[in-house]
Amino acid sequence: MLQLAHIRENRQEIIEALQKRGINAVEIIDQIIALDDHRKQTQSALDQSLSEAKKIASEIGSMMKAGRMEEANAAKAATGTIKKRNQELEQELKSHEAGLIELLATVPNAPHASVPAGKSSDDNETIRAWGEAENAEHATPHWDITKKYGLIDFELGVKITGAGFPVYLGKGAKLQRSLIQFFLDQGEEAGYTEVIPPHMVNAESGFGTGQLPDKDGQMYHAKEDDLYLIPTGEVPITNIYRDVIIAEDDLPIKNVGYSPCFRREAGSYGKEVRGLNRLHQFDKVEIVQLSKPEDSYAALEVMVEHVEQLLQKLELPYRVLRLCGGDMGFTAALTYDLEVYSKGQGRWLEVSSVSNFETYQANRMKLRIKSKDGKKRLAHTLNGSALALPRILAAILENNYDGEAVRIPACLVPYTKFETIE
RNA sequence: GGAGAGUUGGCAGAGUGGUCGAUUGCACUAGUCUUGAAAACUAGCGUGCCGCAAGGUACCGAGAGUUCGAAUCUCUCACUCUCCGCCA
């Protein structure tokens with residue numbers, strides 16, 4: 001969520017930034033500020049009232065010690081009204097605080113100055129591109145290739161679980177595992193510390209990174225234990241640092257982690273979701289950074305470069321997009337999407353999304369930085385896919401297929417131990 | 001899943017109804033001393049909220065309750081440890 005102090009100080013600026021998302025936030029922002037005013041007043045009144053009650057209690061203590069019992073009893077009798085007032089003020093404060101969080105949680109992050117205004121993916125800005133985005137001579141969609149070589153069985157997944165839960169077989173499984181290993185090794189080389197996080201999270205974690213309350217329909221929920229299957233490694237990895245105060249010298253913190261991701265994808269259908277294009281369960285290697293506010297945008301660029309390096313090593317043509325306000329996720333201030341060109345389908349596939357959340361998540365998580373002089377401030381959080389597996393796998397199969405065999409990119413051969421699928 | 005023990009500031013560990021946000025030690029930070037370091041000594045050293053500030057207020061696993069007053073008493077829950085059961 002946005003910080004209250006920041007909203008109060010930069011009301012107009014935030015309203016203008018949110019317009020890039022197509023949101024008119026005037027009313028909600030003013031509502032928030034008004035409620036915060038009430039909160040402050042109530043806090044003051046409560047503190048004063050509590051102070052009074054405390055004073056009387058200690059006076060009664062001294063009276064009793066001195067043996068002046070009648071006096072003490074008289075004072076006791078008079079405490080009723082104060083006590084009642086305290087309770088009322090406490091209730092009022094609580095409801096103001098809860099109301100504020102509720103309102104704040106409905107306001108998305110304010111886009112960065114460089115974010116273009118826009119409604120949909122049509123308004124995204126292409127920053128740069130790499131490689132030849134042309135259809136292959138033997139253009140074949142990956143679902144035909146996986147079938148031909150027995151790499152993935154989608155129907156088998158339907159039997160075991162349901163649509164969107166494919167079964168990887170033989171060289172298909174090995175290629176998948178090799179990619180994970182490759183991505184993790186590359187992350188480690190770039191200075192990220194590997195973590196293997198839990199694949200289920202509680203509601204607090206879901207709130208911390210911003211999936212809850214707004215996107216809870218997208219996550220699988222185990223009601224019995226009130227736990228959610230993670231939609232991305234971002235959730236458990238970033239929440240490692242929930243409620244933590246980090247010494248400034250320990251920043252930046254860089255983690256890389258592999259995890260399966262589970263998404264309900266309610267409402268998706270058609271050829272957009274065919275094959276590996278959109279699944280309910282998929283694998284992803286995620287990179288996460290915590291940084292000082294003044295360093296976060298430089299870190300974001302380096303993260304994008306890291307992902308680009310991966311794609312170049314895999315020899316996949318790609319382009320980098322700066323998302324417009326309307327296409328950006330709820331919690332992001334700036335997002336770069338990386339798309340690879342899928343030659344078998346003749347379309348771009350999103351394989352990575354790298355974002356700076358500034359203090360939006362840190363504020364929800366109470367993730368703070370402590371400098372040497374003892375001053376505390378919220379950290380900036382960033383994350384990105386490096387990379388999401390299924391569409392990479394699809395692109396590798398489609399882009400390296402010559403009608404006879406699939407050639408494995410050189411960087412993966414040390415992992416797969418085979419050079420072709422035929 | 002069953003039985004028992006526990007949960008206090010970065011760590012260790014006091015405190016069982018009244019001025020306790022909490023003794024003390026270690027760690028940490030600054031300073032004195034020293035050629036430098038160590039040692040010793042001095043001071044500082046949790047987090048949130050309200051307030052320009054002085055200051056006020058809240059937090060001793062979480063929530064509720066008893067009381068004029070709760071870290072201390074009662075209840076519920078969570079977690080940790082030990083033993084038993086089950087199990088990859």
Side-chain angles (χ1 to χ4, degrees), chain A residues 1-9 32-105 196-208 222-228 236 239-251 253 260 290 359 361-379:
Chain A
M1 347 180 254
L2 296 170
Q3 295 172 77
L4 268 169
H6 186 241
I7 290 176
R8 299 187 77 103
E9 283 162 29
I32 286 169
I33 291 173
L35 186 53
D36 191 41
D37 287 338
H38 285 135
R39 187 195 113 252
K40 287 182 180 204
Q41 284 163 15
T42 308
Q43 177 74 251
S44 281
L46 175 62
D47 282 358
Q48 209 177 353
S49 188
L50 282 169
S51 174
E52 220 172 294
K54 230 171 140 175
K55 198 174 144 208
I56 292 172
S58 84
E59 278 168 6
I60 291 173
S62 350
M63 287 175 200
M64 291 177 77
K65 233 174 222 169
R68 299 183 310 208
M69 296 310 283
E70 312 85 66
E71 228 177 306
N73 283 330
K76 270 192 208 183
T79 57
T81 48
I82 293 183
K83 221 175 154 182
K84 198 173 160 219
R85 188 178 63 199
N86 285 345
Q87 272 170 4
E88 283 166 2
L89 286 168
E90 229 163 277
Q91 281 300 322
E92 198 182 325
L93 182 65
K94 265 190 193 171
S95 96
H96 284 161
E97 284 172 345
L100 264 175
I101 288 175
E102 208 172 298
L103 287 179
L104 281 168
I196 300 178
H199 300 160
M200 296 183 97
V201 294
N202 56 30
E204 289 74 35
S205 294
F207 180 79
K223 284 205 184 73
E224 188 87 21
D225 300 289
D226 195 19
L227 295 174
Y228 297 84
N239 272 283
I240 290 173
Y241 306 98
R242 173 152 49 84
D243 250 315
V244 166
I245 298 176
I246 297 164
E248 192 166 281
D249 291 346
D250 293 336
L251 292 170
I253 286 174
L290 315 184
T359 59
Q361 294 182 326
N363 192 31
R364 288 177 163 223
M365 289 194 294
K366 298 187 174 68
L367 161 54
R368 284 160 295 172
I369 303 171
K370 189 177 192 173
S371 58
K372 276 218 163 156
D373 60 12
K375 286 211 177 101
K376 281 166 286 290
R377 56 191 173 142
L378 293 171

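Values below: all heavy atoms of this structure, side chains included; hydrogens, waters and symmetry mates excluded. Chain letters run A, B, ... following the sequence lines, proteins first and then strands; every chain starts at 1.
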Expressed in whole Å, how much space separates the [atom1] atoms belonging to [N] and [M]?
N	M	atom1	value
G21(B)	U47(B)	C1'	11 Å
C20(B)	C59(B)	P	16 Å
A58(B)	G69(B)	P	12 Å
G65(B)	U72(B)	C1'	15 Å
C11(B)	U82(B)	C1'	23 Å
A30(B)	G51(B)	P	34 Å
U23(B)	G55(B)	C1'	26 Å
U19(B)	A5(B)	C1'	34 Å

In short, Asn363(A) meets Met1(A) closest at the heavy-atom pair ND2-O, 3.1 Å
Go through the structure and list residues passing side-chain hydrogen bond (donor to acceptor under 3.5 Å, both in side chains) with [X], not counting sequence neighbours.
X	value
Asp226(A)	His221(A)
His6(A)	Asn10(A)
Glu248(A)	Arg377(A)
Asp37(A)	Arg8(A)

Under 4.0 Å, counting only non-hydrogen atoms across every strand here, what does [X] touch: a base, just sugar-phosphate, or nothing?
X	result
Lys366(A)	nothing
Lys375(A)	nothing
Ile56(A)	nothing
Lys55(A)	nothing

Mind checking side-chain contact (heavy atoms from CB on, under 4.5 Å) for [X] and listing every partner two or more places apart, or none if nothing turns up?
X	value
Leu2(A)	Ile7(A), Ile14(A), Val107(A), Asn109(A), Ala110(A), Tyr360(A)
Ser95(A)	none
Lys83(A)	none
Glu204(A)	Asn202(A), Arg242(A)

Within the side chain of Ser371(A), is there an N or O that forms a donor-acceptor pair under 3.5 Å with the backbone of Lys375(A)?
yes
Using modelled atom types only, decide if a donor and an acceptor are shared between the side chain of Thr42(A) and the backbone of His38(A) within a distance under 3.5 Å.
yes
Please figure out whether Ile245(A) or Ile60(A) has its closest RNA chain B nucleotide nearer the 5' end.
Ile245(A)
Starting at the 5' end of RNA chain B, which residue's closest nucleotide do you reach first, Ala53(A) or Ala57(A)?
Ala57(A)
With sequence neighbours left out, which residue pairs that include part of residues 84-96 of chain A fulfil the salt bridge (Lys or Arg N to Asp or Glu O under 4.0 Å) condition?
Glu52(A)-Arg85(A)
Given Watson-Crick or G-U pairs with both distances under 3.5 Å, what dot-bracket string fits RNA chain B, with | for other-strand pairs and [ ] for crossing?
((((((((.[[[..)..(.....]]].(((((.......))))).(((((....))))).[[[[[..)....]]]]])))))))....
Taking only heavy atoms on the protein side, list every residue of residues 32-49 of chain A lying under 4.0 Å from any atom of RNA chain B, sorted numerically.
Arg39(A), Lys40(A), Gln43(A), Ser44(A), Asp47(A)
Under 4.0 Å from a heavy atom of chain A: give me the 5'-most and 3'-most nucleotides of RNA chain B that qualify.
G18(B) to G69(B)
